[in-house]
Every structure is written in C-alpha cells, then in structure tokens.
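Here the structure is a predicted model, which is why all the values come from computation and not from measurement. Just the heavy atoms: all of them, side chains too, but no hydrogens, waters or symmetry mates, feed the values below.
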Amino acid sequence: LEDGWVLYLKRVHMLKAKGELPGEPFTMKESKSFNRALWDKRKDIEKAVITAREEGTDQSFASFLTHYYRNFKPSAKYPKLKQMLKNEPDECVICKDGGVLICCDLCSDAYHLSCLNPPLQSIPDKKWFCPKCESESKDKSKDSKTWSYWGINTT
C-alpha cells in the first residue's frame, strides 16, 4: 500500500510538471485567450482550446474544462454569451445536426453547405437566401414584375 501511495504522488508531480494536472491555474494571458476564443467559437470548447493553444497556451484539455466550469461559466460574461447564442440557429434545417452553418439573410434558417442542393463550396461574400426564400421570391416575381424585399421594391 505504501509503494502505491509513493507511485501515486510521483504520478501527480509528473502530471503537474507537464501541466496536465486537471485544474492547473491559468495565467491572466491564458484566461483572456481562452475566454475570447469561447466567444469567437460560439462556446465550442474544443475549437476554443485549439485557438488558445495556437496563441501559445499549453494547458491540458482537462485544465481547460476545469477553467471553463470554475471561472468562465460562473462569470457575468456567460449569461451574455448564452443570450447571444439563443438568438442564433444551432442546427441545420435539413439534417437537424449542428456544426458550421450558413444562415439565410431573409428568414435566418440555417444549413450546412453540404446539405444544400447543389452543395456550396464556400460561404458566399454577398447576401445568401435559402432554397425556400429563393423559391418564394421566384414565385412572387412570376406573379408580378415587381416584388418587395424588406419593403424595397425590386424588378
């Protein structure tokens, strides 16, 4: 039993030396980097960790999770992020899965680029309309030569 305890303590010290011990405290720079990445990556912790590591943080994934639950989630910033995300669609209209989505500029339905027919290769630089809105606009343009788009008549 005593040998087991000695091995355990050695393992803890080794993990701590590597920065892999869960709950290792973050420096102010690491905390700011990770918190900013959580906003930029829309609370996708895995992507936020990748971003923080690209900025020089070498904390373990367990340390990031510990920081998220101990520091970020109880902070005043968390409810603001949740409110912002509440207004954003988080699943594809076609497959009902989340991920990287494109939102229609008219109705705000969201789609994966690959779920569209034909699939898009990249997110357009200009305004983009989903198949439903695109179809409705074509139907309206058949009925008359002018149709209204957010109160602006187009021909």
Side-chain angles (χ1 to χ4, degrees), residues 8 11-141 147-154:
Y8 171 77
R11 178 80 173 138
V12 167
H13 289 291
M14 183 181 72
L15 289 172
K16 189 172 183 180
K18 288 181 173 181
E20 295 178 356
L21 185 65
E24 279 296 307
F26 278 33
T27 65
M28 186 63 79
K29 180 183 175 187
E30 289 172 327
S31 181
K32 285 181 179 182
S33 172
F34 183 55
N35 292 351
R36 185 178 52 252
L38 284 167
W39 276 86
D40 294 346
K41 302 303 178 186
R42 302 297 197 252
K43 213 175 92 177
D44 184 325
I45 294 175
E46 190 173 344
K47 288 180 182 176
V49 167
I50 291 168
T51 300
R53 285 185 175 156
E54 287 171 351
E55 293 178 8
T57 302
D58 63 350
Q59 294 279 3
S60 69
F61 193 78
S63 291
F64 280 105
L65 287 175
T66 302
H67 177 79
Y68 174 79
Y69 286 107
R70 280 188 189 160
N71 302 101
F72 184 77
K73 200 167 180 181
S75 75
K77 295 176 184 178
Y78 182 75
K80 292 175 185 175
L81 178 59
K82 288 270 295 185
Q83 183 62 38
M84 182 189 72
L85 294 174
K86 187 177 177 182
N87 298 327
E88 292 183 4
D90 61 353
E91 67 179 31
C92 175
V93 170
I94 302 210
C95 72
K96 306 294 184 219
D97 198 5
V100 177
L101 304 169
I102 182 172
C103 294
C104 176
D105 286 308
L106 189 56
C107 72
S108 75
D109 280 352
Y111 297 80
H112 290 113
L113 298 177
S114 60
C115 287
L116 293 163
N117 187 13
L120 291 178
Q121 299 302 312
S122 62
I123 296 175
D125 292 330
K126 300 177 183 176
K127 288 189 179 275
W128 176 81
F129 305 106
C130 71
K132 179 179 74 176
C133 290
E134 191 75 31
S135 174
E136 287 175 7
S137 72
K138 286 180 183 174
D139 290 344
K140 286 181 182 179
S141 65
W147 65 280
S148 178
Y149 171 73
W150 287 351
I152 301 170
N153 288 331
T154 59

(request) Report yes if the side chains of Tyr78 and Lys43 come closer than 4.5 Å at any heavy-atom pair, otherwise no. (result) yes

(message) Can you confirm whether Lys77 sits close enough to Trp39 that some side-chain heavy atom of one is under 4.5 Å from a side-chain heavy atom of the other?
(response) yes

(message) Donor-acceptor pair, distance only, cut-off 3.5 Å: does the side chain of Asp105 make one with the backbone of Trp128?
(response) yes

(request) Please tell me if the side chains of Asn35 and His67 come closer than 4.5 Å, counting only heavy atoms from C-beta onward. (result) yes

(message) Contact between His112 and Leu101 at the side-chain level, heavy atoms closer than 4.5 Å - yes or no?
(response) yes

(message) As an exercise, state the distance from NZ of Lys32 to OG1 of Thr57, rounded to the nearest 0.5 Å.
(response) 13.0 Å

(request) Give, for atom CG of Leu65 and atom OG of Ser60, the distance between the pair rounded to the nearest 0.5 Å. (result) 8.5 Å

(message) Can you give me the closest heavy-atom contact between Glu46 and Phe61, atom names plus distance?
(response) CA-CE1, 4.3 Å

(request) List the atom of Ala37, the atom of Ala48, and the distance in Å for their closest heavy-atom pair. (result) CB-O, 3.6 Å

(request) Mind listing the closest non-hydrogen atom pair of Ile94 and Cys115 along with its distance? (result) CD1-O, 3.5 Å

(message) When you compare the side chain of Asp40 with that of Thr51, does any pair of heavy atoms fall below 4.5 Å?
(response) no

(message) If we ignore hydrogens and angles and just use 3.5 Å, is the side chain of Gln59 paired with the main-chain N or O of Pro25 as donor and acceptor?
(response) yes

(request) For Arg53 and Phe64, work out which heavy atoms get closest and say how close. (result) NE-CE1, 3.9 Å

(request) State, to 0.1 Å, how close Cys130 and Cys104 come at their nearest heavy-atom pair, and which atoms those are. (result) N-SG, 3.3 Å

(message) Treating Ser75 as the side-chain partner and Phe72 as the backbone partner, does any N or O pair qualify as donor plus acceptor under 3.5 Å?
(response) yes

(request) Compare every heavy atom of Leu38 with every heavy atom of Leu81, then report the nearest pair and how far apart it is. (result) CD2-O, 4.2 Å

(request) Can you measure from OG (Ser63) to CD (Glu30) and round to the nearest 0.5 angstrom? (result) 9.0 Å

